[in-house]
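Working notes for the structure below.
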Protein chains: 2
Amino acid sequence: MGKGEETKQAIVDQALELASTVGLEKLTIGTLAGATGMSKSGLFAHFRSKEQLQLQVLVQARQRFIDIVIAPALKKPRGEARLRAIFETSVKQWEEDLPGGCIFHAVSAELDDRPGPARDYLVDTQRDFADTLRRAAEIAIEEGEFRKGLDLDQFVFELGAITAGYHHSGRLLGDPDAEQRARDMFEGLLARSH
Amino acid sequence: MGKGEETKQAIVDQALELASTVGLEKLTIGTLAGATGMSKSGLFAHFRSKEQLQLQVLVQARQRFIDIVIAPALKKPRGEARLRAIFETSVKQWEEDLPGGCIFHAVSAELDDRPGPARDYLVDTQRDFADTLRRAAEIAIEEGEFRKGLDLDQFVFELGAITAGYHHSGRLLGDPDAEQRARDMFEGLLARSH
DNA sequence: CTGATAATAGAACGAACGTTCGTATCGTCA
DNA sequence: TGACGATACGAACGTTCGTTCTATTATCAG
C-alpha cells in the first residue's frame, strides 16, 4: 500500500469516528483536517468532493461491520448459534466500536430524506444485512431449530426493531439497562421462533 | 392572540414540517423565511436565536403529539384499550402527520450527541411519554388485563423498539409492509403481556 | 384619530463552509 | 543519487449561514 492509500485509510478511519457522533453532514473537512493533523486542501485532494468522502466513510463502515460482526459469526455453527453471534457482537462490540454507537443508525435518519449516492449505499448495506439475517434464520429452520412456517420477513423486522430500539434508548435516553433489555427482547424473539 | 403570536405560530408550524424531513440543523432560517413569505430578519426577530427556534419546534411537536395521540387516547377506557389507541394513532395519524414522519425519531439521532436545551427538552419529552406508557400498562395490570409480575420497564422498552423499528424500516428502507409488521409485533407484545 | 409600540423589511456583517489553484515537499524507482 | 510524479500545503475564492442594525410599516389602545 502506497503512501497515498495509507493516509487515506487513516483519514477515513478518523472520519468514521467523528461521523458516528456528529453525523455525515456536520463532519466538516476543516475539523477532520485538524483531527488528522493535515491541511484542508491536502486532505480534500484524496476525495475531490465531500460527497465522495461521505461515501467512503460508509464503505469503510460496511467493511468494518463485516470484519467485526459478520465474519466471526460465519465461523460459528449454522443456524441459531450464528444468529446469536451476530446479535451479541452487534450489541457488545459493534455498538461500542465507535464513540457514537452504530453509525448506520446514527446516519440513517440523516439520509432517509436526502437522495444521493450516500443514501443509496446505506440502503443497499441495510438490505444486504437484512438478507444475511433472513438467510441465517432460514438455515435455523432447515436445521430444525426454528419452527417451519416462521415468517422470515417478520423475524428480520423484529430483529431490526430490537437494535433500533437499543440504539435509541442507549444513545438518546442514556438508559444503562438498554443492553440487557435488548438482550431479553432478543431471547424472547428466539423463544417464539422455536 | 395578537398578530405577533399568530405569525409566530404559522412560522413554527411551517418549521415543524421542514424539520421533520431535513432535521433541526439543516432547517435554515433563509429557507424558512422563503417558505413563509417573510424576510430573514423579520422572521428571526420572533426568536432571537436559532437555538430558540429549534426549541420552539420541539415544544410545538410535543403539543401536537398530545393533541393527536395522547388526548384522544385518554377518552378511551383505561388499560389495554388505551394502549391500543396510543399505538394505533402513533402509527396511523402521527407518523403521517408530518412529511418526514415522527419528528422525535427524525431528530433524536441528530441531538443524542449534541448537548443543549433542545436535547434536554427532547429527552424530557421522551421520558414523559415513556412514563405515560408505563402508567397505562400499570393500569392494564390493575384491571386484570395484563398479568401481575409483568416487567413494566421491559414492556415500555419493547414498545419503543417497535416504533423505532417502524420508523426506520418505513423511512429509510421504504418498506411498504412496515406498518402491518409493526402492528403484528405490537399484537404479539400485548398477547405476551396477558 | 393619533401616538406609542410592535412587527417587518433591507442591507450588511463576520464566520464557516466546500472547493480551487499554484507551489513546495516528499517517496519512489531508474 | 537524481529526477519525476505523487502528495501536501497556504492562501484565497464564492456561497451560505446566523445574526445585527437601522429604517419603515402595521397594529391597537386611549
Side-chain angles (χ1 to χ4, degrees), chain A residues 1-19 21-60 107 110-111 113-119 121, chain B residues 1-19 21-60 107 110-111 113-119 121:
Chain A
M1 184 163 58
K3 178 82 192 317
E5 281 300 318
E6 198 170 323
T7 59
K8 187 169 179 176
Q9 275 292 323
I11 292 171
V12 177
D13 274 332
Q14 183 70 59
L16 202 48
E17 300 225 342
L18 292 177
T21 65
V22 300
L24 280 178
E25 207 61 26
K26 299 220 71 132
L27 164 65
T28 197
I29 292 186
T31 306
L32 187 54
T36 54
M38 291 185 65
S39 66
K40 275 173 61 179
S41 53
L43 186 147
F44 184 82
H46 284 278
F47 305 96
R48 299 199 312 276
S49 80
K50 187 175 184 180
E51 197 174 55
Q52 260 300 311
L53 167 63
Q54 293 174 332
L55 196 54
Q56 291 305 312
V57 168
L58 292 181
V59 171
Q60 181 91 336
V107 305
E110 190 182 354
L111 292 176
D113 283 299
R114 178 151 51 92
R119 185 205 144 112
Y121 189 83
Chain B
M1 182 164 58
K3 177 84 193 315
E5 281 299 319
E6 199 171 321
T7 58
K8 188 168 178 175
Q9 275 293 322
I11 292 171
V12 177
D13 274 332
Q14 183 71 57
L16 201 49
E17 299 226 345
L18 292 176
T21 65
V22 300
L24 280 179
E25 206 62 25
K26 298 220 70 134
L27 164 66
T28 197
I29 292 185
T31 306
L32 186 53
T36 55
M38 290 184 66
S39 67
K40 274 174 62 178
S41 54
L43 186 148
F44 184 83
H46 284 278
F47 305 96
R48 298 199 313 275
S49 80
K50 186 176 183 180
E51 197 175 53
Q52 260 298 313
L53 168 62
Q54 294 174 333
L55 196 55
Q56 292 305 313
V57 168
L58 292 181
V59 171
Q60 180 91 337
V107 304
E110 190 181 355
L111 291 177
D113 283 299
R114 178 151 50 93
R119 186 205 144 113
Y121 189 83

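Each chain gets a letter, A, B and so on, in the order the sequences are listed, and its residues count up from 1.
The minimum heavy-atom distance linking B:Val57 with B:Ala15 is given by the pair CG2-CB, 3.7 Å.
Between the side chain of B:Lys50 and the main chain of B:Leu27, a donor-acceptor pair closer than 3.5 Å is present. A distance-only check finds a donor-acceptor pair linking the side chain of B:Ser39 to the backbone of B:Gly42 [under 3.5 Å]. In terms of modelled atom types and a separation under 3.5 Å, the side chain of B:Ser49 and the main chain of B:Gln52 share a donor-acceptor contact. For the pair B:Glu51 (side chain) and B:Ala118 (backbone), a donor-acceptor distance under 3.5 Å is absent. Between the side chain of A:Gln54 and the backbone N or O of A:Leu24, at least one donor-acceptor pair lies under 3.5 Å.
Bending across the helix from C:dC1-D:dG30 to C:dA30-D:dT1, expressed as the angle between its end axes from five pairs apiece, amounts to 20° (10° rounding).
Side-chain contact between B:Thr31 and B:Val22 is absent, with no heavy atoms from C-beta onward closer than 4.5 Å. The shortest side-chain heavy-atom distance between B:Gln9 and B:Gln60 falls under the 4.5 Å cut-off.
One atom, CD1 of B:Ile11, and another, P of C:dA7, lie 11 Å apart when rounded to the nearest Å. We find that NZ of A:Lys8 is positioned 15 Å from C1' of D:dA8, with the value rounded to whole Å. Following rounding to the nearest Å, A:Glu5 (CD) and C:dG27 (P) show an atom-to-atom distance of 16 Å. In this structure, A:Phe47 atom CZ and D:dT7 atom P are separated by 12 Å, rounded to whole Å. Remark: C1' of C:dA16 and CG of A:Leu32 are 16 Å apart, rounded to the nearest angstrom. Per the geometry, CD belonging to B:Glu6 stands 15 Å off C1' belonging to C:dT8, to the nearest Å. Atom P of nucleotide D:dC17 and atom CG of B:Leu24 are separated by 16 Å, given to the nearest angstrom.
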Contacts under 3.5 Å, N or O only, protein and nucleotides 18-22 of chain C:
from, atom 1, to, atom 2, distance (Å)
C:dG18, OP1, A:Lys50, NZ, 2.6
C:dG18, OP2, A:Thr28, OG1, 2.9
C:dG18, OP2, A:Ile29, N, 3.1
C:dG18, N7, A:Lys40, NZ, 3.3
C:dT19, OP2, A:Lys50, N, 2.6

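Put simply, A:His46 has a side-chain N or O that comes within less than 4.0 Å of OP1 or OP2 on D:dA8.
The existence of a salt bridge linking B:Arg114 and B:Glu25 is confirmed by a sub-4.0 Å separation between a basic side-chain nitrogen and an acidic carboxylate oxygen.
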